[in-house]
Amino acid sequence: MPVHSYTLDVDTLIATTIAARAEFWQDNIFDEYPTQKKLTEMKETRDGGHRIECPLEYYATETGKALASDLETIVLAEPDPGTYAFYPWATVADGINLAKNKISDNNGKQKILDYVDFLLDNFERRIVALKSTFAWAATPAARDPNSIPSFISTVGTGTVGNIVSGTSTWWKNQFKSSGAFATVGMADIRKLYNDCSKGQNSLMPDWIVTDQSGFENFEAHMSARERLNLDSDGRKKQTVGYERLFYKRAEVVWDDDISSVSTTTDGRWYFLNTKFIKYVCEKGRWFDRGPLLQARDQLGKSMLIDSRYNMVTDGRRHLGVLSSVTYP
């Protein structure tokens, strides 16, 4: 008669459970990390390669004119000049480890299922927290993914996508040094919002991120008619209690991980347009799970889960930061 192997049953159960959870990982991130959640929802998928390339058309060549007569010539030029922003791939990985004794301690289908769920919950929180930390790093390491502060400078300059904005002024982000929020905060928000959009609806920021103090002061300075909330079903409604506010068309949220750059003497407000700043991930490499393997010298099995992606921008001049904000 066939030999029953509890270990093989556990392996099958683990593989099935992880496969089901992976569907959640593809497009859902915890609400505790609002920026990470937004970037994950808006991510793009591309084929692999040595790097991520973003084509840019940075200004238009003027060739048209009003004709004085039907015989007047029009001098046509080459197509509008363009260039590329280049970004390296970054790989972020973690995993789960199942000790053999832990499997024995949780013998039985329901107990081992609960234990596997515990391991996956723990993995999710670790990896999402790590990616959120990367997204707000003041100065990412060479191997780390890009970050919002490294893209959006408080003076507009810096090398982003292998393009030096000092000589390419069209590549500078918008920026403004502010002051006491109670005095100039709302006026500066209005100014920077318009600087990022340049009057075009499609270019207006749709995501404004600040810290807790900034969010609370923004709430306090809005009139009752301006307070707007987006509930979990995506419906807009006026209410006193809310998870996020709106400034014109942009959602205003606070993210605890922004504290890496936003301080009590230098409060930051980042104005993002998710058309121009996003995650790009390699096809099939977003939470890609490897096999469940046992090491030769350990009583346990492990599985590595990795993501190959990076943050990119192809429209840096439509992003901005308000800095040096102080609060009461």
Side-chain angles (χ1 to χ4, degrees), residues 21-22 24-44 52 87-97 119-154 158-161 173 207-215 243-244 251-272 274 276-282 285-289 303-313 316 319-323 325:
R21 293 288 284 270
F24 171 83
W25 296 338
Q26 294 299 313
D27 299 302
N28 296 278
I29 292 294
F30 299 115
D31 289 332
E32 300 97 294
Y33 306 94
T35 308
Q36 184 68 20
K37 181 178 177 66
K38 184 73 169 182
L39 290 171
T40 299
E41 291 172 348
M42 304 302 296
K43 74 179 183 299
E44 293 183 2
I52 306 170
Y87 302 94
W89 291 105
T91 303
V92 176
D94 200 341
I96 60 173
N97 183 65
L119 291 178
L120 294 179
D121 286 342
N122 188 261
F123 161 77
E124 288 173 2
R125 294 193 179 279
R126 292 198 317 269
I127 197 67
V128 174
L130 179 62
K131 288 185 177 183
S132 182
T133 300
F134 283 143
W136 286 110
T139 307
R143 64 181 180 275
D144 293 347
N146 296 321
S147 71
I148 292 171
S150 68
F151 278 1
I152 309 175
S153 164
T154 57
T159 300
V160 175
N173 62 261
W207 190 251
I208 301 176
V209 190
T210 186
D211 57 24
Q212 183 177 350
S213 294
F215 187 85
E243 298 173 350
R244 63 196 73 180
E251 294 180 49
V252 181
V253 302
W254 72 275
D255 192 315
D256 195 51
D257 284 334
I258 200 177
S259 60
S260 61
V261 290
S262 188
T263 66
T264 55
T265 57
D266 184 14
R268 302 281 181 90
W269 288 67
Y270 285 89
F271 290 66
L272 311 179
T274 51
F276 301 109
I277 185 169
K278 66 200 77 174
Y279 279 161
V280 172
C281 67
E282 181 183 341
R285 289 287 301 276
W286 184 254
F287 289 105
D288 183 32
R289 59 195 185 278
M303 174 185 290
L304 296 180
I305 304 171
D306 71 272
S307 298
R308 193 176 192 227
Y309 74 104
N310 212 339
M311 183 187 298
V312 306
T313 178
R316 193 177 178 219
L319 312 175
V321 59
L322 194 65
S323 63
V325 184

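This is a predicted model, so every value here is computed, not measured.
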CH2 (W254) and OG (S259) are apart, to the nearest 0.5 Å, by 9.5 Å
Hey, does Y270 have a side-chain heavy atom less than 4.5 Å from the side chain of V261? yes
Heavy-atom nearest pair, S150 first then P140, reads CB-CD, 3.8 Å
Is the ring pair Y279/Y309 parallel, tilted or perpendicular, if the boundaries are 30 and 60 degrees? perpendicular
Can you tell me how far CE of M42 sits from CG of L272, rounded to the nearest 0.5 angstrom? 11.5 Å
For the atom pair CD (Q36) and CD (E41), what is the distance rounded to the nearest 0.5 Å? 10.5 Å
Pairing donors with acceptors under 3.5 angstrom, does anything connect the side chains of K131 and S307? yes
For a side chain to side chain donor-acceptor pair (under 3.5 Å) with N122, tell me which candidate from R125, R126, E124 qualifies. R126
Between D306 and R285, is there a side-chain N and carboxylate O pair less than 4.0 Å apart? yes
Work out which heavy atom in S147 is nearest to a heavy atom in A137; give both atom names and the distance. OG-O, 2.6 Å
Nearest 0.5 Å, please: how far is CG in D144 from OG1 in T91? 11.5 Å
From CG (L119) to CD1 (I96), nearest 0.5 Å: 6.0 Å
Could you tell me which non-hydrogen atom of V92 sits nearest to which non-hydrogen atom of F134, and how far apart they are? CG2-CE1, 3.8 Å
Can a donor-acceptor pair be found, under 3.5 Å and without considering hydrogens, that links the side chain of N173 to the backbone of L319? no
I'd like to know whether V280 forms a side-chain contact (heavy atoms from CB on, under 4.5 Å) with W89, so could you lay out the CA-CA distance, the side-chain angles of the two residues, the decisive distance to 0.1 Å, and finally the verdict. CA-CA 9 Å; V280 172; W89 291 105; 4.2 Å; yes
For the backbone of R268 and the side chain of S262, can you confirm whether one donor and one acceptor N or O come within less than 3.5 Å of each other? yes
With side-chain contact (heavy atoms from CB on, under 4.5 Å) as the test, pick out the partner of I258 among V209, T35, I148. V209
Evaluate Q212 against D256 for side-chain contact (heavy atoms from CB on, under 4.5 Å), listing each step before the verdict. CA-CA 7 Å; Q212 183 177 350; D256 195 51; 5.5 Å; no
Is there a donor-acceptor contact under 3.5 Å from the side chain of N310 to the main chain of P88? yes
Can you name the nearest heavy-atom pair linking V128 to Y33, along with the distance? CG1-CD1, 3.5 Å
F271 and I152: CA distance, side-chain angles, deciding distance, side-chain contact (heavy atoms from CB on, under 4.5 Å) verdict: CA-CA 9 Å; F271 290 66; I152 309 175; over 6 Å; no
Of all the heavy-atom pairs spanning W269 and I208, show the shortest one and how long it is. CE3-CG2, 3.6 Å
Looking only at heavy atoms, which two atoms of S132 and D255 are closest? And how far apart? OG-OD1, 4.4 Å
Separation of D266 CG from S323 OG (nearest 0.5 Å): 5.5 Å
